[in-house]
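When a ligand or atom number is given, it counts from 1 through the structure's own listing order. Positions are given from 1, in the same order as the sequence printed here.
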Amino acid sequence: MKADQLIKVQRHKLITILGRGSVEVFESILDHLLAWDLLSWEEYEHVKSPAVLSCSSRNLLDIITFKGSRACELFILALQNVIHSLQLTDLILGSYKPPEKTPESSASLSLLPSQTLQNHRLNIVRKLHGHIAAVLDILHRYGHFSKYECDEVQLPIYTPSQQARKLLDLAKAKGEDTAQVLLDYIASEPGPIKPILDNACLKYQEKLSSTLAAQSRILTNYAGTENMCLEDIYVDCILEVSSIAAAENGCLSFLIGLEDIFGPDGILNKDADTVLITGEAGSGKSTSLQRIQQLWATKQVFQDFTFVFAFSCRRFNFIDKPISLQMLLFEHCCWPDDHQDEVFQYILDHPEEIMFLIDGFDEFKFQFTDEERHCSPSKPTTALNLIFNLLQGNLMKNTKKVMTSRPNAVTAKLRKYLQKEITLKGFSPEGIEKFIKKCHSDSLSAEHILCFVEANSALHGLCHVPFFCWIVSKCHEQLMQNGSDFTHTMTDVYLLILEHFLLHLTHNCQRTNEILLSHIATILHLGKLALDGLDSCCYIFSAVQLQEAGVSEEDISLGFLVRSHSFSHARNAVSNRNYEFLHISVQCFFAALYITLNDDVAQSTLHSLFRHRQENPSVRMMPAACCKGWPFYCHQSHEEDKRRSETLLQEAEMSNIQITASFVSGLLSGRHRDQMGKRFKKYRLVKKYLAKCIQKHFLSISPAVGGEKKSLHALPEFVWWIKCIYEMQDNDLAKEAVSKLEVDHLKLTYCGIGPLECTALAYALKHLKSPVGLQLDYNSVGDLGIEQLLPCLDVCHSIYLRGNDISDQGVAKLVDRALDSCNLQKIALFHNNLTDACAQNFANLLKHRDNFLALRLGNNHLTAVGAEVLAEGLKQNNSIQYLGFWGNKIGGAGACALAVALENNTSLLWLSLVGNNIDGHGAKALALMLKKNTVLEELCLQENCLVDEDILHLAEGLQNNSSLKVLKLSNNRISRRGMEFFVNALKYNITIMSI
Ligand code: ADP
């Protein structure tokens with residue numbers, strides 16, 4: 001049935017629905033019709049403010065039907081937008097097919113202010129909520145409204161929306177000047193103004209925010225050991241908008257603050273509304289979500305959201321019966337004390353005011369799938385399916401979701417539904433300093449710890465992971481007693497905290513070697529619990545599970561197990577008698593201790609730990625049956641249990657396997673032999689696995705094709721194996737592992753390499769037989785990572801560090817070492833944070849290294865000052881062949897300095913000055929350089945400010961040049977006239993091949 005027919009046939013019912021509805025509903029429909037230009041002002045005046053609603057409804061239907069079928073279609077659309085009653089749905093559904101085309105608003109450019117007010121009436125009515133008094137004040141002050149009119153608008157008999165409409169109607173009657181004042185006010189108002197909440201919603205908002213404020217006050221994972229207020233300890237981490245995402249948008253990665261996560265930067269998919277924060281274990285993901293929660297709950301930031309719901313995927317694993325969205329929000333987050341239906345309806349009606357915080361996506365047992373669609377907010381399904389559908393937008397489209405995950409769990413399928421991806425990269429060097437100062441109120445002792453950490457480069461690298469930084473800060477006394485040489489590895493740091501807690505428990509001063517072995521029973525109990533948990537992707541443990549693993553009250557009092565906070569008030573399945581390890585990496589550490597110390601652990605378990613990913617059965621896929629059958633952690637029969645111990649860790653989450661394997665390697669290291677007992681057999685086995693894994697990887701490299709250099713594009717596992725080798729601290733193994741690597745180029749781009757990984761890479765790669773090009777583009781090396789890489793710089797002929805957050809401090813260290821590393825001939829630092837301050841370092845490098853070949857500094861922040869300093873070095877160098885400045889701001893003056901330096905240069909073949917604001921001044925100098933220089937083959941000057949006159953000079957330069965082959969000039973302001981200068985010059989030039 002068509003719309004006009006429908007209105008005719010159902011006229012009576014429609015009048016009944018409208019007549020029984022509220023004035024607010026009726027006026028809201030009128031707002032739509034006005035905004036869509038369906039009603040003239042006279043018609044609106046005729047039907048508005050009805051004394052009898054049904055009478056006005058009749059009048060309105062007459063007007064609409066008279067206007068034809070398109071008007072009827074829009075009228076029905078307005079009804080659907082405003083009225084959500086079942087009666088209307090029944091009336092319209094079934095018999096009526098809605099039109100494809102939605103109404104368009106007129107182009108705003110040519111509109112008069114009053115027309116703009118009318119076109120945006122729906123939004124403006126909403127925006128004016130809470131602002132009526134302020135607007136009236138302005139209008140009165142400037143003489144647009146009388147005092148009487150202001151009072152009239154604000155009569156308390158009107159709802160806020162009605163007041164807003166009265167104000168708009170009056171403004172319209174007053175003319176364009178008044179309308180403009182109103183528009184100016186609305187435009188100057190920051191952020192959308194939310195509708196005033198009714199009492200039930202307000203009460204719920206208060207309850208929710210006080211619940212979330214209380215939950216986020218204390219840093220959750222230390223709840224068992226100490227009370228640490230988030231506010232006191234929180235330090236901003238490095239947050240980077242995904243470089244891949246940004247690169248596709250034409251600009252590379254960049255840093256943002258936590259408050260800006262919903263900003264326009266780095267959006268991959270406009271239609272999606274999930275922001276994903278990824279980071280390795282301990283990088284601060286949960287803490288960041290906790291901070292967002294706190295900022296909202298304490299009304300500091302994110303106030304555009306009326307309600308924020310925070311969840312942990314870890315706890316979802318425990319919800320073993322189907323639940324609906326309403327149950328999820330109310331029973332598992334915060335219960336509204338009354339008017340539940342109204343509150344839920346508000347949530348459904350205002351999705352853009354709702355934020356979901358979803359922590360630890362990697363801790364779901366099953367991988368993301370979009371196969372089972374669920375759209376009903378009231379129908380129950382599995383918690384997993386609910387979350388998957390929320391993420392896809394099938395449920396509660398337009399709500400904002402912020403989710404955290406370790407990178408391994410992010411599949412291509414999930415990526416389709418992400419609005420943007422943000423990488424959490426831990427603390428910067430300044431962040432480490434701030435954190436240590438916050439942990440130690442005594443400034444002298446904070447300084448002391450900081451000096452100690454900074455003096456031990458590997459330790460400093462470790463501290464960029466906030467969780468490690470916490471351990472280091474907590475165990476500083478032991479650390480300093482041990483001396484700076486001892487703590488290098490992740491395992492060392494975790495052994496430190498273990499000793500710390502054990503010493504605390506026993507209050508005695510046993511030697512560290514003894515203390516571990518004297519608590520072996522406790523360690524094994526916790527270890528078994530941890531390992532079984534990893535095996536079944538279980539991270540919260542019930543009393544029964546604790547009992548099965550033999551964990552006693554005393555074991556708990558050690559402090560590694562903390563009470564699992566139930567995430568609602570007694571309404572959910574997770575009671576507060578459940579426990580979890582204070583961090584996932586601690587669970588992995590205990591699993592590793594169990595594997596190392598328990599002689600009954602089968603060899604197959606060790607093998608599973610170090611298996612290659614391809615051999616990994618496709619775990620974590622969601623079999624359809626599993627969606628329905630919960631929970632994950634089901635108790636097995638004895639037979640099953642026995643079989644499982646043979647195949648232990650087959651199904652564990654890959655990131656957890658990798659962390660555990662690194663710890664096992666560390667614990668088996670010769671350095672810890674006294675503490676761990678002599679586990680030679682396991683040591684030899686692990687050593688063999690590691691050497692074999694790496695060798696196998698090397699063997700998979702395809703031979704170099706004719707003329708090309710042999711290149712290894714490393715698998716992500718490569719970095720992990722290297723980290724295991726580092727944890728073992730076994731030079732022979734490192735040597736054995738890499739000595740057979742015969743490649744010219746080692747490519748490790750986008751591998752999540754941070755300072756920790758740099759330490760491990762340097763440890764292994766320094767044993768390479770012949771120099772390689774080390775390509776680390778688009779990782780998180782940073783200045784701390786540079787420091788870690790220094791030991792292997794001698795075996796690099798080139799180092800590529802594009803997009804790695806490196807600043808002048810990092811460069812200073814790099815260049816300092818490069819002065820003595822005569823193998824190193826190429827440095828690429830495209831897209832970092834370099835400024836003029838680094839130019840002096842490069843000038844020195846050029847001055848002192850007569851075999852240096854290439855320096856690429858594109859997309860940094862160098863200006864003419866830096867270029868002038870660098871030019872001084874360039875004057876004294878005759879080896880450099882490639883020099884790149886793309887996307888800096890050296891301008892004409894900088895180009896002049898470089899040009900002068902290059903006049904007599906005899907080595908440079910390629911110079912890029914693309915996008916540097918180079919003007920005529922620079923062009924003249926470059927032209928002069930071309931007259932004298934006899935070697936330069938390619939000059940790139942695209943995206944500058946060159947005009948035809950500048951081409952005249954360049955053409956003259958070219959006329960006298962006999963080496964340049966390529967001159968690039970696109971995206972300047974050159975016309976045909978400019979090109980004609982070249983045509984003349986080309987008569988005399990025989991080398992140029994392309995302009
Ligand atoms: P993830 O979720 O990435 O594994 P967490 O957020 O649980 O890491 O962080 C582990 C610990 O590291 C926290 O409990 C806290 O001690 C410390 N931490 C993390 N981020 C911060 C931060 N921004 N400021 C201060 N401490 C932090």
Side-chain angles (χ1 to χ4, degrees), residues 215-240 255-259 261 276-295 310-315 357-364 402-410 422-440 446 462-476 490 493-494 497 500 539 559-560 562 564-565 580-589 653 655-656 658-659 752 754 756 780:
Q215 275 176 7
S216 56
R217 206 172 71 80
I218 305 286
L219 259 176
T220 46
N221 45 353
Y222 311 126
T225 54
E226 61 187 300
N227 279 343
M228 217 193 280
C229 280
L230 182 65
E231 191 81 53
D232 297 340
I233 209 74
Y234 182 82
V235 171
D236 284 330
C237 285
I238 304 172
L239 278 174
E240 189 180 275
L255 305 185
I256 58 168
L258 197 61
E259 287 86 348
I261 51 171
L276 179 73
I277 301 180
T278 58
E280 296 300 339
S283 59
K285 298 181 294 297
S286 306
T287 311
S288 299
L289 280 201
Q290 206 177 328
R291 179 72 177 157
I292 296 177
Q293 183 177 328
Q294 182 177 57
L295 291 174
F311 299 105
S312 135
C313 296
R314 172 177 287 205
R315 287 175 186 87
L357 301 174
I358 305 168
D359 191 26
F361 189 74
D362 50 282
E363 293 192 354
F364 267 140
V402 187
M403 184 166 84
T404 66
S405 176
R406 281 185 278 175
N408 265 355
V410 187
I422 299 173
T423 317
L424 186 57
K425 299 188 159 184
F427 290 152
S428 63
E430 298 75 39
I432 296 176
E433 185 178 336
K434 272 193 200 149
F435 181 77
I436 292 181
K437 287 186 172 158
K438 281 191 164 193
C439 287
H440 301 271
L462 281 162
C463 281
H464 105 101
V465 178
F467 188 59
F468 299 172
C469 199
W470 169 72
I471 298 180
V472 165
S473 160
K474 192 166 181 65
C475 306
H476 63 278
M490 201 170 80
V493 170
Y494 280 69
I497 190 84
H500 182 88
Y539 313 106
F560 286 107
V562 293
S564 174
H565 358 270
E580 55 196 309
F581 282 91
L582 60 78
H583 191 255
I584 182 68
S585 56
V586 171
Q587 183 172 345
C588 296
F589 180 60
E653 207 274 323
S655 316
N656 293 337
Q658 293 189 347
I659 302 174
L756 235 71
S780 320

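Using modelled atom types, one finds a donor on one side chain and an acceptor on the other under 3.5 Å when comparing Ser655 with Asn408.
Ring orientation note: the planes of Phe468 and Tyr494 are nearly perpendicular, at an angle over 60° on the 30°/60° scale. Aromatic ring pairs are classed by plane angle as parallel below 30°, tilted from 30° to 60° and perpendicular above 60°; the pair Phe364 and Phe361 is perpendicular. Aromatic ring pairs are classed by plane angle as parallel below 30°, tilted from 30° to 60° and perpendicular above 60°; the pair Phe427 and Phe435 is tilted.
When the options Thr278, Ile238, Val465 are evaluated for a side chain to side chain contact (heavy atoms under 4.5 Å, CB included) with Lys425, the one that passes is Ile238.
Residue contact check: Cys237 has heavy atoms under 4.0 Å from atoms 23 (N) of ligand 1. Atoms of ligand 1 lying under 4.0 Å from any heavy atom of Val235, numbered from 1 in the order shown and given with element: 22 (C), 23 (N), 24 (N), 25 (C). Those atoms of ligand 1 with a heavy atom of Phe435 less than 4.0 angstrom away are 25 (C), 26 (N). For ligand 1 and Ala281, the ligand atoms under 4.0 Å from any heavy atom of the residue are 4 (O). Residue-ligand proximity, Ser283 to ligand 1, at heavy-atom distances under 4.0 Å covers atoms 3 (O), 8 (O).
Note: an N/O pair closer than 3.5 Å links His583 and ligand 1 by distance alone. Here's the thing with Gly284: one of its N/O atoms is less than 3.5 angstrom from an N/O atom of ligand 1. No N or O atom of Asp236 sits closer than 3.5 Å to an N or O atom of ligand 1. Residue-to-ligand polar distances place Ser286 within reach of ligand 1: an N/O pair is separated by less than 3.5 Å. For ligand 1, the polar-atom distance check against Ile584 finds no nitrogen or oxygen pair separated by under 3.5 Å.
For Arg291, no heavy-atom contact with ligand 1 is shorter than 4.0 Å.
Listed by chain and residue number, nothing satisfies the salt bridge (Lys or Arg N to Asp or Glu O under 4.0 Å) test with Glu259 (two or more places apart in sequence, or in another chain).
The distance from the CD atom of Gln293 to the CD atom of Gln215 is 5.5 Å, given to the nearest 0.5 Å.
Glu280 counts as a contact of ligand 1, since one of its heavy atoms falls under 4.0 Å from the ligand.
Within the 4.5 Å cutoff, side-chain heavy atoms of Leu258 are placed close to those of Arg291.
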